[in-house]
**Student:** 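Starting off with a structure, shown below.
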Amino acid sequence: MADRYDPAGFEAQWRKRWKDADLFKTRSNPDAPKFYGADFFPYPSGAGLSVGHCRNYVPTDVICRMKLMQGFNVLHPMGFDAFGLPAENEAIKKKTHPEPMIKQYAATYRRQMELVGVSYDWSRSFSSSDKTFYQWTQWIFELLFKRGLAYRSMAAVNWDPIDKTVLADEEIIGGRAERSGALVEKKYIPQWFFKITEYAQRLLDDLDDLDWPEGIKSQQRNWIGRSEGVQFTMQLASSATKALHANEDPEFVVKNLQNRLAFEVFTTRVDTVFGMTFCVLAPEHALLEKILKTVDEEHAENVRAYQLRAKTLSDIDRLATNREKTGVFTGAYAINPVNGEQVPIWVADYVLATYGTGAIMAVPGHDERDFEFAKKFGIDIIQVIAPSDGSEVVLPYVAKDGILVSSGEYTGKPVFAAQSELGIWMEGLGIGERKIQYRLRDWLISRQRYWGCPIPIIHTKDGEMQPVPLDCLPVELPMVDDYEPSGDGTSPLAHIPEFVNTTDLDGRLGQRETDTMGGFACSSWYFLRFCDPANDKEPWSFDAAKYWMPVDCYVGGAEHAVMHLLYARFWTKVLYDAGLVTVKEPFARLENQGQVLALTPYRRPREDENLEVGEDGVVVSFADIANYNEEDIFHRWTRMSKSKGNVVTPEDAVESYGADALRMYLLFVAPFNADVQWSNDGMQGQVRFLSKIFKLIDEAKPMYFAEWRNFIGFEEADDVSKDIRRRTHKTIKKATADIDRFAFNTYVSSLMIYVNDLTDLVAKHKANPSRAFALSLSEAIETLILLLSPAAPHSADELWHDIGKSDFTVDVSWPVFVPALAVDDTVTVAVQVNGKLRETLEMEADATNEAVEAAAKALPKVAAHLEGKTIRKVIVVPRKLVNFVAS
RNA sequence: GCCGGGGUGGCGGAAUGGUAGACGCGGUGGUCUCAAACACCAUUGGGGUUAAACCCGUGCGGGUUCGAGUCCCGCCCCCGGCACCA
């Protein structure tokens with residue numbers, strides 16, 4: 001073996017051997033447990049992979065390789081999220097078609113993934129744009145349609161005037177399109193939705209049992225946004241009857257106003273209902289039309305003008321933070337059902353048409369927003385909740401800790417009691433009900449774009465919608481030259497007569513739906529297809545999904561915390577309800593990797609320059625730095641991206657340092673979920689470590705005895721051999737547990753410690769090794785190589801081969817921890833006086849507490865600190881610590 | 001503002017309530033070399049000392065405990081998400 005570590009000399013060779021042996025083909029040993037490890041479905045961008053992407057794939061690979069060695073049947077697949085806007089936009093830009101383009105990009109991704117030695121089973125790979133895949137995406141769409149979970153509805157959508165497409169709410173950041181940066185406009189067109197709201201409660205409840213990061217679960221909970229409250233009816237009082245009922249019994253009033261105009265309000269604070277001094281309708285509220293007919297012209301005019309303004313205001317203006325409240329009085333009044341009081345009805349855009357009922361009761365005494373509004377327009381503000389301790393408060397008092405005041409017969413009741421009693425009272429009267437409201441909206445799936453999965457629906461002459469018969473699927477995306485957005489808001493497919501014109505189930509002329517599905521549809525079930533990717537009869541066989549699901553470990557970026565994961569959970573639940581899968585949740589465990597940041601040079605902007613959003617300087621290329629004054633250049637850690645020119649590719653890294661060094665570096669540099677700062681020095685450190693291992697094994701090889709396992713039990717162990725075995729088994733325990741808990745940095749560090757220790761021991765004993773030493777060293781060498789194998793598989797196989805083995809390390813059993821061999825003979829005991837460390841003490845591991853205490857007390861330093869003091873108490877933690885409490 | 005995650009040497013980071021700073025990077029000194037790079041050895045939280053002893057140290061202020069980076073209370077700062085959700 002070369003004494004210099006030379007990855008270029010062996011890494012490629014091993015990759016070829018793995019491929020020739022079809023080493024990573026999914027195995028199905030009937031007696032073995034299964035492990036399904038998956039990475040998020042990547043879009044294969046034209047820029048190719050950076051080392052940043054490897055930060056996702058390498059750790060998943062490590063845990064999958066370990067599971068493989070532990071005897072699991074491992075499903076470790078990779079495929080490509082090929083449909084969607086990014087691909088389409090790039091193809092347009094490059095004046096090519098997305099189909100061949102994406103194929104080529106995917107091939108590059110695959111080549112790069114193979115270059116770093118990731119153990120995917122490529123025989124199971126597919127792209128979401130493959131007919132054999134999207135046929136089943138359509139199949140599932142129809143399943144949803146038939147179950148009443150897919151519907152079409154006229155809806156205000158977010159129109160991106162640059163991409164000329166409709167955006168989901170989630171694709172908009174601060175009123176601008178996430179991708180194009182365009183100011184988003186509103187547009188009304190018919191849209192397809194999935195009824196995810198029907199699953200809101202289950203999506204919320206089932207989060208509890210998932211082994212996911214708390215932050216992600218919490219984001220999903222917020223997104224679903226459950227709130228409990230009361231929805232009740234507000235009757236309108238005409239201005240003529242305004243004074244009429246002022247002092248009458250509320251129940252009488254309510255009963256006698258049944259035929260009037262009315263609207264519903266939802267509140268989570270029904271306990272504050274006696275504090276209502278006005279109510280507010282959203283400008284889009286349907287009832288306004290009717291209300292305006294009952295009021296004088298001046299008020300009606302004002303309201304109409306306000307409605308118009310609200311409509312033309314872009315979302316960015318309307319939702320701008322800290323914006324002053326606006327609104328107008330309608331001239332009409334509504335009746336507070338609990339006390340018969342009449343309150344003015346206002347229109348204001350701080351009430352959202354899309355949440356709750358689009359109308360609220362306003363209690364300025366106990367709600368910040370209502371308070372602000374009342375203050376501005378001079379509306380009464382009254383207090384109906386007071387702190388339990390009787391203290392004075394400044395309104396608005398929004399805390400729920402308190403009792404009701406000035407609230408009729410409810411005065412004196414605690415907030416929580418009043419909430420439930422008022423709810424029950426209203427239910428009894430039939431004017432309201434206790435209700436649960438969700439913030440979650442239905443999932444908008446339509447895209448008016450070409451490059452997506454066609455929605456398999458036929459519109460008949462009578463306006464009926466029929467699902468395309470299952471045996472006619474897939475509805476193929478036609479291969480056309482011109483697929484650019486039509487710019488009129490319809491899909492490019494709408495302009496292809498051969499596609500649109502078809503016959504319906506009854507043989508009459510019909511038209512195909514021309515919208516395509518957003519990419520989230522594909523990524524909501526691809527993990528099921530991996531279970532049975534070649535199936536041409538059904539999307540997956542029940543048994544295959546039953547065997548492999550759920551994904552045991554799902555790894556990807558936290559940026560998909562809400563959308564992808566929520567949608568995939570939703571589809572899984574629907575499929576569960578349909579009896580097609582046996583799991584209610586697709587991903588048992590989720591891990592989010594951190595990003596890889598690169599140090600990027602910037603220059604200070606010139607005075608007249610406009611900066612990119614969120615930037616405080618202009619990116620300069622590394623080559624250009626020399627052209628600027630030193631004081632005008634500064635560096636930032638930013639995400640690697642092509643536009644910043646700071647990308648390090650796997651090719652770069654592998655060429656300079658080797659694939660294993662790259663893998664080791666990514667694992668070691670920081671905890672898995674933390675962002676890391678790319679460093680060539682860090683890479684060099686891993687090269688150093690790997691070459692240390694090669695050197696160690698080269699040194700130890702003369703003492704290596706392949707049959708150690710058959711003899712080690714019969715040889716009397718000396719202190720050194722016991723020591724080696726102790727270190728070996730402690731390292732097995734630590735490495736195994738660390739990989740399982742995604743603590744890859746400490747896994748690598750435990751190997752470093754192990755290598756350092758072994759190197760010292762070998763140097764010390766190689767001149768005169770005992771037989772016991774050689775045997776335990778042989779165990780150590782094999783263990784080291786095997787423990788290294790998931791992280792640095794090329795090196796491990798090279799070393800394994802070098803000590804005379806002919807199999808691949810992934811085919812060898814993972815080392816087994818033997819607790820008895822890891823037990824310490826002697827331990828270091830910390831000796832404290834009054835909690836301060838004064839000395840340490842070597843003791844036999846089985847020394848009694850008394851012996852330890854006596855030995856500790858006898859230590860000169862300890863004795864000095866105890867001098868002249870009385871020992872009040874002695875705390876002995878066996879094998880760890882003695883603490884003398886003295887004064 | 002609300003929700004979530006964090007704040008530990010020059011840097012990345014270790015640490016079931018029990019020896020803070022494992023492991024690595026960088027630095028310093030040395031060996032090798034004509035020289036450099038690589039590599040190797042030693043050293044490396046701050047103060048203090050010839051060397052020790054000793055003192056100070058995990059964002060800040062309190063508390064619980066024999067003992068707190070770790071638990072509790074109150075703040076400050078950073079990162080991510082949501083943002084008029086009634």
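In what follows, chains are A, B, ... by sequence order, proteins preceding strands, each numbered from 1. All values below come from the heavy atoms of this structure, side chains included, with hydrogens, waters and symmetry mates left out.
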**Student:** I need the OH-C1' distance between Tyr438(A) and C82(B), as an integer number of Å.
**Tutor:**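 One finds 19 Å between C1' of C82(B) and OH of Tyr438(A), rounded.
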**Student:** Spell out, as yes or no, whether a donor-acceptor pair under 3.5 Å connects the side chain of Asp442(A) to the backbone of Thr197(A).
**Tutor:**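 Indeed, once roles are kept as given, a pair shorter than 3.5 Å links the two residues.
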**Student:** Report the residue (Ala830(A) or Glu214(A)) whose heavy-atom-nearest nucleotide on RNA chain B is the more 5′ of the two.
**Tutor:**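 Between the two, 5'-proximity favours Glu214(A).
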**Student:** How would nucleotides 36-51 of chain B be written as a contact map, 5' to 3', with B for base contact, S for sugar-phosphate-only contact and - for no contact, using protein heavy atoms under 4.0 Å?
**Tutor:** ---SS-----------
**Student:** Indicate yes or no: at least one non-hydrogen side-chain atom of Val273(A) is less than 4.5 angstrom from one of Asn336(A).
**Tutor:**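 Contact flag for Val273(A)/Asn336(A) side chains = yes.
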**Student:** Considering only side-chain heavy atoms of Asp349(A), which listed nucleotide, G81(B), C84(B), C23(B), is closest?
**Tutor:**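 It is C84(B).
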**Student:** Separation of Arg221(A) atom CZ from G81(B) atom C1', in whole Å?
**Tutor:**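 Going from CZ in Arg221(A) over to C1' in G81(B) covers 15 Å.
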**Student:** Take atom C1' in G63(B) and the same atom in G5(B), then report the distance between them in whole Å.
**Tutor:**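 Each nucleotide's C1' atom is 25 Å from the other's.
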**Student:** Rounded to whole Å, please give me the gap between CD in Glu591(A) and P in G5(B).
**Tutor:**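 Between P of G5(B) and CD of Glu591(A): 15 Å.
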**Student:** Got a donor-acceptor contact below 3.5 angstrom from the His366(A) side chain to the Ile385(A) backbone?
**Tutor:**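 Yes; at least one donor-acceptor contact below 3.5 Å.
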**Student:** Return yes when atom CD of Gln201(A) has more than 12 non-hydrogen atoms of other residues, nucleotides or ligands closer than 6.0 Å, and no otherwise.
**Tutor:**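 Above 12, so yes.
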**Student:** Base, sugar-phosphate, or nothing: which does Asp681(A) touch, judged by heavy atoms less than 4.0 Å apart?
**Tutor:**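 If one applies the 4.0 Å heavy-atom cut-off, Asp681(A) turns out to touch the sugar-phosphate alone, with no base involved.
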**Student:** Write down the distance between CD (Gln219(A)) and P (G4(B)), rounded to a whole number of angstrom.
**Tutor:**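 Result: 11 Å.
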**Student:** Would you say Ser227(A) and Thr268(A) are linked by a side-chain donor-acceptor pair, where the criterion is simply a distance under 3.5 Å?
**Tutor:**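 Side-chain D/A pair, Thr268(A) to Ser227(A): absent.
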**Student:** Taking atom C1' in both U28(B) and C60(B), compute the distance separating them and give it to the nearest angstrom.
**Tutor:**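 It works out to 34 Å between them.
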**Student:** Under 4.0 Å, heavy atoms only, any strand: does Asn756(A) hit a base, just the sugar-phosphate, or nothing?
**Tutor:**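 Asn756(A): backbone/sugar contact only, no base atoms under 4.0 Å.
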**Student:** Rounded to the nearest angstrom, tell me the gap between atom CG in Leu837(A) and atom P in G67(B).
**Tutor:**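 So the CG-P distance, Leu837(A) to G67(B), works out to 15 Å.
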**Student:** Given the C1' atoms of G9(B) and G17(B), what is the spacing between them in whole Å?
**Tutor:**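 So the two C1' atoms sit 24 Å from each other.
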**Student:** Within residues 225-233 of chain A, find the residues that approach RNA chain B with a heavy atom at under 4.0 Å, and present them sorted by residue number.
**Tutor:**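 Output list: Ser227(A).
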**Student:** Assign a letter to each nucleotide of nucleotides 7-16 of chain B from its 5' end: B, base within under 4.0 Å of a protein heavy atom; S, sugar-phosphate only; -, no contact.
**Tutor:** -----BSSS-
**Student:** So do Asp6(A) and Phe694(A) actually touch side chain to side chain, heavy atoms under 4.5 Å?
**Tutor:**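 A side-chain contact is absent here, since even the closest heavy-atom pair is not under 4.5 Å.
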**Student:** Taking the P atom in each of A14(B) and G1(B), what is the distance between them to the nearest angstrom?
**Tutor:**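 The answer is 30 Å between these two P atoms.
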**Student:** Okay, side chain of Tyr350(A), backbone of Gly327(A): is any donor-acceptor separation there less than 3.5 Å?
**Tutor:**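 The answer is no, because no donor-acceptor pair under 3.5 Å joins these two groups.
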**Student:** Suppose you measure atom C1' in G7(B) against the same atom in U16(B); what distance do you get, rounded to whole Å?
**Tutor:**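 23 Å, rounded to whole Å.
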**Student:** Indicate yes or no for a side-chain donor-acceptor contact from Arg434(A) to the backbone of Ser420(A) under 3.5 Å, with no hydrogens or angles considered.
**Tutor:**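 Absent.
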**Student:** Donor-acceptor pair, distance only, cut-off 3.5 Å: does the side chain of Ser407(A) make one with the backbone of Phe274(A)?
**Tutor:**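 No, because the side chain of Ser407(A) does not come within donor-acceptor range (under 3.5 Å) of the backbone of Phe274(A).
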**Student:** Measure CZ/Arg727(A) against P/C23(B) and give the value in whole Å, please.
**Tutor:**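 To the nearest whole Å, that distance equals 12 Å.
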**Student:** Can a side-chain donor-acceptor contact be found between Thr638(A) and Asn646(A) if the only test is distance below 3.5 angstrom?
**Tutor:**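 Short answer, yes.
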**Student:** To the nearest 0.5 Å, what is the distance between CZ (Arg226(A)) and OH (Tyr438(A))?
**Tutor:**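 Rounded to the nearest 0.5 Å, the CZ-OH separation comes out at 5.0 Å.
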**Student:** Quote, to the nearest angstrom, the P distance that separates G26(B) from C32(B).
**Tutor:**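 These two P atoms come out 23 Å apart once rounded.
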**Student:** What is the distance from CD of Gln220(A) to C1' of C3(B), rounded to the nearest Å?
**Tutor:**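 That distance rounds to 14 Å.
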**Student:** For the P atoms, the ones on G18(B) and on A68(B), what distance do you get once it is rounded to whole angstrom?
**Tutor:**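 Taking atom P in both G18(B) and A68(B), they lie 11 Å apart.
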**Student:** Could you give me the stems involving RNA chain B, meaning stretches of three or more consecutive Watson-Crick or G-U wobble pairs whose two defining distances are both below 3.5 Å?
**Tutor:**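 In RNA chain B, stems of three or more pairs: B:1-7 with B:76-82, B:10-12 with B:23-25, B:26-31 with B:39-44, B:45-47 with B:54-56, B:59-63 with B:71-75.
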**Student:** Please tell me which of Lys836(A) and Asn883(A) maps to the more 5' nucleotide of RNA chain B, matching each residue to the nucleotide holding its nearest heavy atom.
**Tutor:**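 The residue closer to the strand's 5' end, by nearest nucleotide, is Lys836(A).
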**Student:** Aromatic rings Phe377(A) and Phe373(A): how do their planes relate, parallel, tilted or perpendicular, breaks at 30° and 60°?
**Tutor:**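 Tilted, since the angle between the ring planes falls between 30° and 60°.
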**Student:** Which residues, if any, of residues 862-876 of chain A bring a heavy atom under 4.0 Å of RNA chain B?
**Tutor:**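 Residues of residues 862-876 of chain A under 4.0 Å from RNA chain B: His865(A), Lys873(A), Ile875(A).
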**Student:** Can you tell me if Asn834(A) uses its side chain to pair, donor with acceptor, with the backbone of Ala886(A) under 3.5 Å?
**Tutor:**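 Here the side-chain-to-backbone pair exists.
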**Student:** Name the nucleic acid region contacted by Ile753(A), choosing base, sugar-phosphate or nothing; use a 4.0 angstrom heavy-atom cut-off, strictly under.
**Tutor:**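 Contact class for Ile753(A): sugar-phosphate only.
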**Student:** Without swapping roles, check the side chain of Tyr747(A) against the backbone of Leu787(A) for a donor-acceptor pair under 3.5 Å.
**Tutor:**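 Side chain of Tyr747(A) to backbone of Leu787(A): a pair is present.
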**Student:** Whole angstroms only, please: what is the CZ-P distance between Arg441(A) and C82(B)?
**Tutor:**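 The distance from CZ of Arg441(A) to P of C82(B) comes to 14 Å, rounded to the nearest Å.
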**Student:** Without swapping roles, check the side chain of Asp370(A) against the backbone of Val363(A) for a donor-acceptor pair under 3.5 Å.
**Tutor:**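 Present.
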**Student:** Quick one: is Arg838(A) getting a side-chain N or O under 4.0 Å of the C55(B) phosphate, OP1 or OP2?
**Tutor:**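 Yes, such a contact exists.
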**Student:** Report which part of the nucleic acid Lys325(A) touches: base, sugar-phosphate, or nothing (heavy-atom distance under 4.0 Å, all strands).
**Tutor:**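 Base, at least one base heavy atom under 4.0 Å.
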**Student:** Is there a donor-acceptor contact under 3.5 Å from the side chain of Gln307(A) to the main chain of Pro283(A)?
**Tutor:**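 Between the backbone of Pro283(A) and the side chain of Gln307(A) there is a qualifying donor-acceptor contact (under 3.5 Å).
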**Student:** What is the glycosidic conformation of G81(B): syn, defined as within 90° of 0, or anti?
**Tutor:**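 Anti conformation for G81(B).
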**Student:** Distance check, C1' atoms only: U8(B) and C56(B), in whole angstrom units.
**Tutor:**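 U8(B) and C56(B) have their C1' atoms separated by 15 Å.
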**Student:** Tell me which pairs pass salt bridge (Lys or Arg N to Asp or Glu O under 4.0 Å) where either residue lies in residues 262-274 of chain A, with sequence neighbours left out.
**Tutor:**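 Pairs touching residues 262-274 of chain A that pass the test: Arg269(A)-Asp271(A).
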**Student:** Do any N or O atoms from the side chain of Gln220(A) and from the backbone of Leu204(A) form a donor-acceptor pair under 3.5 angstrom?
**Tutor:**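 Not at all, since once roles are kept as given, no pair shorter than 3.5 Å links the two residues.
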